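Here's the structure, in structure tokens; my notes come after.
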Amino acid sequence: MQFRKTIPAIALGVVSLTVPIAASAGTGSAGTGSSSPTIEATTADSPQVESATLTDDNGKPSGSLSVKAAPKAAAAQSEKVFSTGAMTGEEFSSIGLSWKKESAVDSGLTAETRIHRDGAWGPWQNVPLGLDDGVAEEAKRAGAPAFYTDDADGAQVRFTSPKGSLPQDLRLSFIDPAKSPATSTSSSTSTPTSTSDREPSDREPRTAQAGQPDVKLREDWGADESLADPGYKTQPSIKAALVHHTVTGNNSYTQEQVPQIINGIYIQHITVLGYGDFPYHFVVDRFGGIWEGRKGSIGMRPGTEIPGILGGHASGFNTNTFGVAMLGNFEPNNSEGGEDTGPDPKPTEAMTTSLADLLAWKAGQYELAPEGSTQLVSAGGGGTNPHPTGTVLDVPVISAHKDVNVTACPGAKLYETLPDLRKQVADRLGAG
């Protein structure tokens with residue numbers, strides 16, 4: 001259940017996400033004598049998210065969002081720039097953008113943000129708007145990946161639309177995983193433990209399986225299990241692995257920040273977008289850490305009560321696949337948003353080694369040929385999936401998101417490593 005509350009704001013000035021602020025001399029271009037407009041904010045049952053509504057059900061600016069003059073060099077007269085004021089409040093570590101699932105979105109729409117921390121504003125950064133796991137069937141809203149900001153207390157966002165339009169019911173969400181009950185009882189900076197180091201429980205198989213690499217559990221990144229749908233989302237079998245990247249805005253994250261980034265992805269997808277659980281089965285970080293994403297992914301294997309787990313990572317192609325997301329952005333020259341990736345944002349050696357270990361483990365369980373191919377059947381869904389329901393695709397057993405959907409995921413520099421990755425997995429299985 002969600003509830004709404006209205007938060008007084010100063011036009012194009014400072015908006016508090018936590019307590020009402022009195023109208024005063026405005027910052028920016030706000031007038032000093034006008035009454036305060038309002039931002040309608042939606043807070044879900046979880047305490048980790050505060051969301052500000054930026055457009056109404058017709059896509060018209062609402063709350064703190066206003067239309068700015070388009071640059072003189074704009075390619076089309078219809079181009080418009082929309083900007084929020086500076087929004088400050090309690091600390092957060094990620095932001096998320098979402099909109100009505102059925103809303104039309106200008107294909108040329110771009111977003112930028114600048115973040116406030118330690119008493120100062122940072123530079124403007126591009127925010128990716130293409131959700132790399134597509135609009136999964138289970139999602140209630142469409143939206144962008146969680147954008148990692150590190151610990152911050154303010155943000156300003158602006159949008160540029162060549163068509164002069166914005167999505168319906170556009171919202172900006174501030175995500176703070178530190179407010180999760182699980183996070184408060186388990187420090188995110190503590191050393192995570194592998195599956196084999198834990199006692200078995202009724203919640204999930206805990207005994208290390210043959211060939212299993214060191215996989216960190218959901219509790220290690222602070223998953224609030226009360227947010228996810230109960231039980232497991234099972235499927236009969238697995239035929240292929242799909243490799244992704246997260247485009248979470250930061251390739252230079254520290255090892256201590258990894259759990260916080262993963263938790264931000266989780267909260268964005270569940271609380272903001274309405275997914276039932278984490279979108280990907282596993283996440284691999286740049287230090288080589290492997291993390292369980294969707295519940296039950298470690299324990300899934302043929303001949304058990306969990307023969308497969310149905311993910312939410314590829315529109316129309318979640319059935320018979322499992323998704324592994326590499327934490328970062330591997331598309332050159334910052335084309336998908338976040339910090340500047342430069343011309344050659346390759347995954348680290350530790351990352352690719354762990355990815356090969358993980359894929360060899362699951363390929364061995366499901367008797368998959370790492371250098372072979374298989375057939376997947378589209379479930380339709382539109383959006384990033386151009387393949388009508390029932391379309392049969394021949395794809396490599398180890399594929400990428402872009403092999404089934406229209407997307408840059410997993411980024412050009414990661415995608416070009418897949419032939420060698422397949423060989424590495426085959427060598428580990430003795431199939432090379």
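All values derive from a computational prediction rather than experimental measurement.
Evaluated for a ring-ring contact (aromatic ring centres under 6.0 Å, His included) with H313, the options H245, H244, H269 yield exactly one hit, H244. Just one residue in the list T389, N405, N385 forms a side-chain hydrogen bond (donor to acceptor under 3.5 Å, both in side chains) with S378, and that residue is N385. Considering D427, L359, V425, V397 as possible partners of P370, the one that fulfils the side-chain contact (heavy atoms from CB on, under 4.5 Å) test is V425.
Side-chain N or O atoms of T341 include one that pairs as donor or acceptor with a backbone N or O of N333 at under 3.5 Å. In this structure a side-chain-to-backbone donor-acceptor pair under 3.5 Å is missing from N58 to K60. Remark: side-chain polar atoms of S103 are not paired, donor with acceptor, to backbone N or O of P167 under 3.5 angstrom. Formation of a donor-acceptor pair under 3.5 Å by the N263 side chain with backbone atoms of G222 is found in this model. Using modelled atom types, one side-chain atom of D403 and one backbone atom of A400 make a donor-acceptor pair closer than 3.5 Å. In this structure, Q156 contributes its side chain and A86 its backbone to no donor-acceptor pair below 3.5 Å. With hydrogens and angles disregarded, a donor-acceptor distance shorter than 3.5 Å links the side chain of K362 to the backbone of M300. The closest donor-acceptor contact from the side chain of S399 to the backbone of P396 lies under 3.5 Å. A distance-only check finds no donor-acceptor pair linking the side chain of R286 to the backbone of L327 [under 3.5 Å]. Between the side chain of T234 and the backbone N or O of I309, no donor-acceptor pair lies under 3.5 Å.
Put simply, the side chain of N126 does not reach to within 4.5 Å of the side chain of T110, judged on heavy atoms. At a threshold of 4.5 Å between non-hydrogen side-chain atoms, the residues Y266 and D277 count as touching. In this structure the side chain of P410 never reaches within 4.5 angstrom of the side chain of M326, judged on heavy atoms. Residues L418 and L421 are in side-chain contact: their nearest non-hydrogen atoms beyond the backbone lie under 4.5 Å apart. For the pair V377/Q375, no side-chain contact is recorded, criterion being any heavy-atom separation below 4.5 Å from C-beta on. Side-chain atoms of K413 and P332, non-hydrogen and from C-beta on, do get closer than 4.5 Å to each other. Residues I298 and F282 form a side-chain contact, since some pair of their non-hydrogen atoms from C-beta on lies under 4.5 Å apart. Taking the side chain as every heavy atom from C-beta outward, L166 and L54 never approach each other to under 4.5 Å.
Of the N and O atoms on the side chains of T248 and N250, not one donor lies less than 3.5 Å from an acceptor on the other residue. Side-chain contact of W291 with D220: a donor-acceptor pair under 3.5 Å is absent, judged by distance alone. In this structure, a donor-acceptor pair under 3.5 Å is present between the side chains of Y148 and Q260.
Rounding to the nearest 0.5 Å gives a distance of 10.5 Å between CG of D153 and CD of E90. Distance CG/L273 to CH2/W99: 8.5 Å, rounded to 0.5 Å. Of the inter-residue distances, the one linking D394 atom CG with L376 atom CG reads 9.0 Å to the nearest 0.5 angstrom. Rounding to the nearest 0.5 Å places OG of S93 at 11.0 Å from CD1 of I115. The line from CG of D229 to OH of Y275 is 13.0 Å long, rounded to the nearest 0.5 Å. Here the straight-line distance linking atom CG of D224 with atom CD1 of I270 works out to 8.5 Å at 0.5 Å rounding.
Judged by a 6.0 Å distance limit and a 45° cone about the ring axis, K402 is positioned over the six-membered ring of Y415.
Closest approach of V324 and F322 over heavy atoms only: CG2-CE1, 3.7 Å. Pairing each heavy atom of F92 with each of A155, the nearest pair is CZ-CB, 4.2 Å. Listed here is the closest heavy atom pair of Q424 and T352: OE1-O, 4.4 Å. Of all the heavy atoms in K140 and G274, the pair that sits closest is NZ-O, 3.4 Å. When all heavy atoms of G308 and Y366 are compared, the closest pair comes out as CA-OH, 3.8 Å. Contact detail for G264 and A146: the closest heavy-atom pair is O-CB, 3.6 Å.
Between R218 and E292 no salt bridge is recorded (no basic side-chain N to carboxylate O distance below 4.0 Å).
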D176 and Q48: side-chain hydrogen bond (donor to acceptor under 3.5 Å, both in side chains), yes or no, with the steps? CA-CA 5 Å; D176 183 14; Q48 304 98 328; over 6 Å; no
Could you check S161 against D106 for side-chain hydrogen bond (donor to acceptor under 3.5 Å, both in side chains), going step by step and ending with a plain yes or no? CA-CA 7 Å; S161 169; D106 181 352; 2.7 Å; yes
Determine whether L65 and F159 satisfy the following criterion, side-chain contact (heavy atoms from CB on, under 4.5 Å), listing intermediate values before the conclusion. CA-CA 10 Å; L65 193 67; F159 304 88; 4.2 Å; yes
Check the pair I267 / V272 against side-chain contact (heavy atoms from CB on, under 4.5 Å), numbers first and verdict last. CA-CA 7 Å; I267 294 170; V272 177; 5.7 Å; no
For V127 and V157: C-alpha separation, side-chain torsions, deciding distance, then whether side-chain contact (heavy atoms from CB on, under 4.5 Å) applies. CA-CA 9 Å; V127 178; V157 181; 5.8 Å; no
Go through the steps for T417 and F330 under the test side-chain contact (heavy atoms from CB on, under 4.5 Å), then give the verdict. CA-CA 11 Å; T417 70; F330 304 99; over 6 Å; no
Before giving the answer on side-chain hydrogen bond (donor to acceptor under 3.5 Å, both in side chains), spell out for R141 and S98 the whole-Å C-alpha distance, their side-chain angles and the decisive distance to 0.1 Å. CA-CA 7 Å; R141 289 175 61 78; S98 65; 3.1 Å; yes
Test salt bridge (Lys or Arg N to Asp or Glu O under 4.0 Å) on E371 and R422; report intermediate values, then the result. CA-CA 6 Å; E371 296 181 290; R422 296 179 187 113; over 6 Å; no
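Open room surrounds NZ on K346; 12 or fewer heavy atoms of other groups in view lie less than 6.0 Å from it.
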